[in-house]
Protein chains: 2
Amino acid sequence: MQKNNNMAISDRKLREKEDLKKRILEAAKALFLEKGFEATSMRNIAERVEFSPTTLYLYYKDKNDIVYALHQEGFKLLAQQFKTVAGIEHPYERMKTMARIYLQFAEENPDFYELMFVRQGPILHVQKHNSDDWEEGSRTYNVLYENVIECQKEGLFKNLLPHNVSLIIWSTLHGMCTLHMHMRLDCVKFEDDYEVVPEKSRPEYIYESFISLLERLK
Amino acid sequence: MQKNNNMAISDRKLREKEDLKKRILEAAKALFLEKGFEATSMRNIAERVEFSPTTLYLYYKDKNDIVYALHQEGFKLLAQQFKTVAGIEHPYERMKTMARIYLQFAEENPDFYELMFVRQGPILHVQKHNSDDWEEGSRTYNVLYENVIECQKEGLFKNLLPHNVSLIIWSTLHGMCTLHMHMRLDCVKFEDDYEVVPEKSRPEYIYESFISLLERLK
DNA sequence: TTTGAAGTATTAACAGTGTTAAGTATCTTT
DNA sequence: AAAGATACTTAACACTGTTAATACTTCAAA
């Protein structure tokens, strides 16, 4: 009886601890999406969960620890978006849809994207704790790789190594996303712009360019 | 006589002022290359030129102003590397060499590359002062674009819009550079790695992948 | 029931950041 | 010699991430 009671209580404590840990992450995420990465500080997060700044350090080792957890959230979100493509039977069509989802994700969640694929914070955390295996990234890459393999079974991407194709596709998508996000595309002015197509939005233009690459690789 | 003397003195003063401005930039560059971007502060730079931190603000509006000047230095360096390709007559060979130089530049000067194509500091400076025309980037892009046009005159890159090809090439190179720099490639572990080629270094592997893309676009 | 030990949260502080306002020399001009 | 411009510095503001020391609460054993 006594024991059961104790266990119940310590269970509740554990639950409450987990709960606060989650609330800290939620607060961090909210601030992050409101004001961007650079602008959210430990003190900001602490204020929002109504605890002292130092309390956060009882739940997360340091800021990178929070940043890593957020980066994981980002991957969960991306995986969720990717779920719908499982129904597409032909690997090439699936590839095209995955590309569209990837580009759209970056467009709609630039701060998450930055954390997942650009910032060094999360990757430093990986190197300190997981002995150089970036699970989230590896999983995502392998989804792409498997898809390339399937395409090759259908006779596509002939005479190319699958890792080669995967690297090209990922790099191109990543390059397009980041050049766009970091405003390196809109600030470029063409000397000779007779073929400008102003009715197309930048993301549409990017997607079409990528598709024309894919068609060529095919 | 008096006037000449005065002019000479004020000339010297002006020269000294310009000189200090340059010395500040040199100090910034040195620190930047030694310790990286994140780790160099205004106070660091000031200490190195042996002036008070606030003096820097008499020569540069703010830190972004210095960062923008450094970003320009980076472009000068890249342009210098590119100079050698002018002698290559065939546009496709020229393109391949340009790609190699671009990748090598990013590999050897990751901090400069970051400033030129990733960080938002310099581009913010552009938006505040130059009404959205990123000269350095525009010039670099147009070099690529002109090269694509020349290739098409030789019958290459058929049925593709030149801006499309340019975007694909730049994005792929940029994506490869940044994924590598930001350690997103080395931390990925393959589930199925029967075709791993360990005797090749990452930069070599990247270059070869890019060339196989180019051959396919051709 | 008291005592001591965990566990949890806080205050104060450190060492740093970019940046500005105010003050101080020095040198030029009237 | 007095007034003014120029060049520079000191002091300060409002932040940042993070740690050490301290308090408060809860709980188990003596």
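Below, chains carry the letters A, B, ... as their sequence lines are ordered, and counting in each starts from 1.
The interatomic distance linking B:L31 (CG) with C:dG16 (P) rounds to 15 Å, in whole Å. The distance from atom CD1 of A:I45 to atom P of D:dT18 is 10 Å, rounded to the nearest whole Å.
One finds a side-chain N or O of A:T55 lying less than 4.0 angstrom from the OP1 or OP2 phosphate oxygen of C:dT10.
Side-chain atoms of B:T54 and base atoms of C:dT19 include no donor and acceptor less than 3.5 Å apart.
Side-chain proximity of B:L20 to D:dG17, D:dC8, C:dG18: nearest is D:dC8. Of the listed nucleotides (D:dT10, D:dT18, C:dT10), D:dT10 has the atom at the smallest distance from the side chain of B:S52. The B:F51 side chain lies nearest to D:dT9 when the options are D:dT9, C:dT11, D:dT18.
B:S41 comes within 4.0 angstrom of sugar-phosphate atoms only, judged by non-hydrogen atoms across all strands, and of no base.
For A:K63 and A:F37, the positive end sits near the middle of the six-membered ring, less than 6.0 Å away and at most 45° from its axis.
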Only distances under 3.5 Å count here; give the side-chain donor-acceptor pairs of residues 118-129 of chain A to other protein atoms, sequence neighbours excluded, each with its distance to 0.1 Å.
| unit_1 | atom_1 | unit_2 | atom_2 | d |
| --- | --- | --- | --- | --- |
| A:H125 | NE2 | A:D65 | OD1 | 3.0 |
| A:H129 | ND1 | A:H125 | O | 3.0 |

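Using a 4.0 Å cut-off between charged nitrogen and carboxylate oxygen, A:R23 and A:E26 do not count as a salt-bridge pair.
Comparing B:R43 and A:Y57, the nucleotide of DNA chain D nearest to each residue sits closer to the 5' end for B:R43.
Of all the heavy atoms in A:M176 and B:S171, the pair that sits closest is CG-OG, 3.2 Å.
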